[in-house]
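Each ligand, and each atom within it, is numbered from 1 in the order the structure gives. These figures come from a predicted structure and were not determined experimentally.
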Amino acid sequence: MSVKVPRGTQDILPGQSEKWQYIESIAKDVCRRYHYKEIRTPIFEHTELFTRSVGDTTDIVQKEMYTFEDRGERSLTLRPEGTAAVVRSFVENKMFGIPDQPTKLFYTGPMFRYERPQSGRYRQFVQFGVEAIGSEDPAIDAEVIALIMDIYKSAGLKKLKLVINSLGDAESRNAHREALIAHFEPRIDEFCTDCQTRLAKNPLRILDCKKDRDHELMATAPSILDYLNDESKAYFAKVTSYLDAIGIAYTIDPKLVRGLDYYNHTAFEVMSEAEGFGAITTLCGGGRYNGLVQDLGGPESPGIGFAFSIERFIAAMEAERTEWPVDSGLDCFIVAIGMEAKDHSVALVHELRTAGLSADRDYQDRKMKAQLKASDRQKARFTAILGEDELAEKRITVKDMAEGSQDNVLLSELTDYLKTKMEAN
Ligand code: HAM
């Protein structure tokens with residue numbers, strides 16, 4: 001019996017992987033313009049990192065983590081998200097000591113969540129995220145939101161909706177928490193057992209329960225926006241005024257609470273509004289986490305960031321029928337006829353590659369016609385044909401597939417010839 005990929009994971013094959021590279025390159029280029037630098041952290045971390053940051057009443061920690069014991073009996077977890085590890089690294093490497101703050105970082109890599117796989121939801125998915133840690137200036141909230149919208153725009157996506165909310169500071173959240181308890185407590189026995197535990201521990205989490213989302217009390221639950229204190233209101237007003245100033249359209253949704261515990265103040269998501277996009281429309285999620293650095297043992301350093309998965313980004317591109325860059329193909333395919341010519345083509349293809357051209361040759365001992373077809377399939381710009389007679393004269397026939405022209409070139413001049421022709425275009 002053959003072995004298949006595990007449920008909720010996928011192979012990214014040539015033909016698809018170029019799309020991944022394209023999105024990653026756009027995102028990295030936008031990060032360069034906004035002055036964010038790359039950070040790479042391990043794929044597994046101590047389990048405690050996620051229970052302390054993402055929160056032990058969240059679905060992620062309660063149901064979705066790939067946790068295992070290593071041979072030294074340590075509890076480790078495949079990272080379900082990137083923020084916790086970036087903040088851990090920020091503290092561990094004392095990045096707060098760098099004179100210029102915030103520290104602006106981006107990352108990309110696989111994340112793991114044991115969720116029920118469906119369209120747009122995988123057990124291994126790749127996130128691209130940014131974190132700006134060390135500033136409470138609302139201008140940085142607007143910058144981070146502008147950055148994600150810029151990434152989408154640069155890739156050609158248009159049918160997007162930016163939704164934002166404020167979760168307020170600790171005081172506002174406490175007032176909201178009391179209101180939520182008063183709202184749900186009288187009828188909590190109508191809710192799932194998870195929600196019953198959440199009521200005392202973290203009633204906000206009830207609002208993103210997948211099982212009870214249609215319960216009538218959900219729609220009438222107290223809104224955080226009614227519990228924001230003056231400071232939190234002023235902060236949120238500043239963020240939205242900056243978004244207005246840079247012309248970013250948004251919708252305020254008081255029900256947006258996000259599924260991770262570390263958030264306060266600004267929370268946001270970007271949804272796809274493309275027709276035919278699957279049931280899960282959230283492309284990107286993010287927000288502010290002012291207490292997280294302290295919770296993980298660092299000094300007070302307020303942070304904000306977001307992450308999106310490349311899987312959902314690609315799905316949105318496909319749903320909007322956005323154009324992908326065309327595969328430019330090989331620079332040169334060498335067709336060799338006869339044993340001597342084949343032997344010679346080993347060094348020839350190497351010479352072209354060393355000179356910076358993309359080049360390939362036949363490895364299946366095929367006839368000339370089949371080699372020419374292969375060159376076509378590889379979309380080679382030039383096909384260089386080496387026969388016995390030509391080899392004897394130290395020459396090679398070069399077909400320019402774009403122009404339909406043909407030249408007979410000295411073998412020793414092939415590289416220069418190809419380079420000159422390519423530069424001329
Ligand atoms: P999150 O909302 O859990 O936030 O995930 C962010 C994004 O990751 C989602 O909007 C979605 O694009 C993608 N995603 C999540 N789960 C899956 C899945 N199972 N399959 C495919 N894509 C998925 C975070 O992870 C936070 N760390 C974001 C953040 C960064 N907040 C501040 N900084």
Which of the numbered atoms in ligand 1 are below 4.0 angstrom from a heavy atom of G286? 31 (N)

I'd like to check S166 versus Y235 (side-chain heavy atoms, cut-off strictly below 4.5 Å). Are they in contact? no

Nearest to atom 20 (N) of ligand 1, what protein heavy atom do you find, and at what distance? Y122 N, 3.0 Å

Ring center gap for F313 and F308 short of 6.0 angstrom: yes

Which residue and non-hydrogen atom of the protein lie closest to atom 31 (N) of ligand 1, and at what distance in Å? Y263 OH, 2.6 Å

Which segment of E131 sits under 4.0 Å of ligand 1 when only heavy atoms are counted: side chain

Please list the nearest protein heavy atom to atom 6 (C) of ligand 1 with its residue and the distance rounded to 0.1 Å. A307 O, 3.3 Å

With R205 as partner, the option from T58, T57, D261, D59 fulfilling side-chain hydrogen bond (donor to acceptor under 3.5 Å, both in side chains) is D261

Tell me the nearest of R288, Q124, R113, E81 to atom 3 (O) of ligand 1, using heavy-atom distances. R113

Has R187 got its NZ or CZ under 6.0 Å from the middle of the six-membered ring of F184, at an angle within 45 degrees of the ring axis? no

Which residue holds the protein heavy atom closest to atom 13 (C) of ligand 1, what is that atom called, and what is the gap in Å? S309 CB, 3.5 Å

When you check the gap from the basic side-chain N to the acidic O, do E115 and R123 get nearer than 4.0 Å? no

Before accepting this row, confirm whether a basic side-chain N of the pair R381/D400 lies closer than 4.0 Å to the acidic partner's carboxylate O. yes

Give the single entry among R312, Q127, R116 that approaches atom 8 (O) of ligand 1 most closely by any heavy atom. Q127

Are T77 and F68 close enough that some pair of their side-chain heavy atoms sits under 4.5 Å apart? no

Return a yes/no value for L283: is any of its N or O atoms, backbone included, closer than 3.5 angstrom to an N or O of ligand 1? yes

Suppose I only count heavy atoms of L260 and a 4.0 Å limit; which atoms of ligand 1 are within that range? 3 (O), 4 (O)

Which residue owns the protein heavy atom closest to atom 21 (C) of ligand 1, what's the atom, and how far is it? G120 O, 3.3 Å

Are F236 and H265 close enough that their ring centers fall under 6.0 Å? no

Out of Y107, Y262, F125, F306, indicate the one that has the non-hydrogen atom closest to atom 16 (N) of ligand 1. F125

Who gets closest to atom 1 (P) of ligand 1 by heavy atom: E115, R79, R258? R258

Going by the order shown, which atoms of ligand 1 are within less than 4.0 Å of some heavy atom of C284? 10 (O)

Atom indices of ligand 1, in the order listed, that fall short of 4.0 Å to a heavy atom of G285: 10 (O), 28 (C), 29 (C)

Output yes when D208 and R213 qualify as a salt bridge under the 4.0 Å nitrogen-oxygen rule, no when they do not. no

For the aromatic rings, using the six-membered ring if either is Trp, is the centroid distance between F128 and F106 under 6.0 Å? yes

Do ligand 1 and T83 have nitrogen or oxygen atoms that lie under 3.5 Å from each other? yes

